[in-house]
2 protein chains.
Amino acid sequence: MTKQRIAVLTAVHRHQHSPAENIVTYVRDELPNITVQSVYVVLADLTDIELLRKFQPPNTPALYETRASDNHHHALCVVCGRIEDVDCAIGEAPCLTPSETHGMSIIAADVVYRGICQSCRSSEEGTGSPDPHAAHAAPTSSGLTAH
Amino acid sequence: MTKQRIAVLTAVHRHQHSPAENIVTYVRDELPNITVQSVYVVLADLTDIELLRKFQPPNTPALYETRASDNHHHALCVVCGRIEDVDCAIGEAPCLTPSETHGMSIIAADVVYRGICQSCRSSEEGTGSPDPHAAHAAPTSSGLTAH
DNA sequence: ACCGTTATTCTGAGTCGCTCACAATAAGAC
DNA sequence: GTCTTATTGTGAGCGACTCAGAATAACGGT
């Protein structure tokens, strides 16, 4: 447990669902000389130890969070990219009973809900045709992962 | 509807869950001069039209399949990387009722079941400690996406 | 059939996110 | 306080994909 690891862990703890690149900037507040590669290594190590969980949505760098051991899921706003944690819907192991597993023994199910978050929905109501480009262009006050 | 697009479509149809790179080689049986970039463009176009569906598991290039309109899911063997289609378990829209959506209106749920397929399970039974490295190293007789 | 317009494909370079090999450094054990 | 091992830092490199722009091919009208 080095100071770099603790710094990365607290950075992720404070900024859930952050990509590695953001973690670097957060950690550099404390350790200005830490390198990008070290952060990648530390993130991978902590993920192996299951102190962190890595979440890889499409078209996005991998995001890290500290809720690692419980098997929760994620809701992803397709407009602004916001991500929220979602607990299992149906009991403990929700989607763990697929209809036909082709002989596979299932370990876990990763669920990604795609939807539109409240703020994006209200800002789209005024617009005649919603402009998905605005989402990627300007993450205004709250960045993609800062909420 | 050009011959390139038809060739790509049939290639994906014949080789479900194939990455773009493999599609290139398949298509080149018919159109030896097609370029990698064209295949990428065609795959993106066909995905937009919803003639294809793009599936992006972690640590793997994007895979394409022709079952595009139905919202089915995938089971992924964590040892050999084999992928099987899985229909919805609980009714029509299985995991579409998360416990707390944080104000998001959910459009769809993508589910990835992680497990171990039958052949990997039987080959691991002999081994004292299962060696996950072998998985990435040698996809033995059946390649990662050829099954 | 010919021509023009638009969509599709090709060429070649470039980007992003991440990984690798290896040297330098720091942390814990004796 | 040294020694050994784990952790960081350095710098290059890779895979998968994207982009800008030129060349080509597919329709639609005459």
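Lettering of chains follows the sequences in order, A, B, ..., and the numbering in each one begins at 1.
- For the atom pair CD of Gln118(A) and OG of Ser123(A), the computed distance is 11.0 Å after rounding to the nearest 0.5 Å.
- Ring geometry, Tyr26(A) versus His15(A): the interplanar angle falls under 30°, so the pair is classed parallel (tilted spans 30 to 60°).
- The nearest whole Å value for the distance from the CD atom in Gln56(A) to the P atom in dA16(D) is 14 Å.
- Among the heavy atoms of the strands lying under 4.0 Å from Val42(A) are primed sugar atoms or P, OP1, OP2 only; no base atom is included.
- One finds no salt bridge joining Arg14(B) and Asp29(B) here, because no Lys/Arg side-chain nitrogen approaches an Asp/Glu carboxylate oxygen to under 4.0 Å.
- Residue Asn33(A) is classed as a sugar-phosphate contact, given heavy-atom separations below 4.0 Å to backbone atoms only.
- Look at Arg5(A) and you'll find a side-chain N or O under 4.0 angstrom from OP1 or OP2 of dT8(D).
- With rounding to whole Å, Asn22(A) atom CG is found 11 Å from dC18(C) atom P.
- Annotation: of the two residues near DNA chain D, Ala44(B) and Thr2(B), the 5′-most nearest-nucleotide partner is Ala44(B).
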Step by step, would you call Asp85(B) with His102(A) a side chain to side chain donor-acceptor pair (under 3.5 Å)? CA-CA 9 Å; Asp85(B) 284 341; His102(A) 302 269; over 6 Å; no
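- Of the side-chain N and O atoms in Ser38(B), none sit less than 4.0 angstrom from OP1 or OP2 of dT9(C).
- Protein atom CG of Leu46(A) is 14 Å distant from nucleotide atom C1' of dA6(D), rounded to whole Å.
- Per the geometry, NZ belonging to Lys3(B) stands 11 Å off C1' belonging to dT9(C), to the nearest Å.
- Protein atom CD of Gln37(B) is 17 Å distant from nucleotide atom P of dA22(D), rounded to whole Å.
- At dT8(D), one or more side-chain N or O atoms of Gln4(A) fall inside 4.0 Å of OP1 or OP2 (strictly under the cut-off).
- Side-chain atoms of Gln16(B) come within 3.5 Å of backbone N or O of Thr66(B) as a donor-acceptor pair.
- Going from atom OH of Tyr40(B) over to atom P of dG14(C) covers 19 Å, rounded to whole Å.
- Atom CD in Glu30(B) sits roughly 17 Å away from atom C1' in dT9(C) (whole-Å rounding).
- If you check dC18(C), dC17(D), dT9(C) against the side chain of Pro61(B), the one that comes closest is dC17(D).
- Summarising the geometry, the separation between CG on Leu31(B) and C1' on dT24(D) is reported as 15 Å, rounded to the nearest angstrom.
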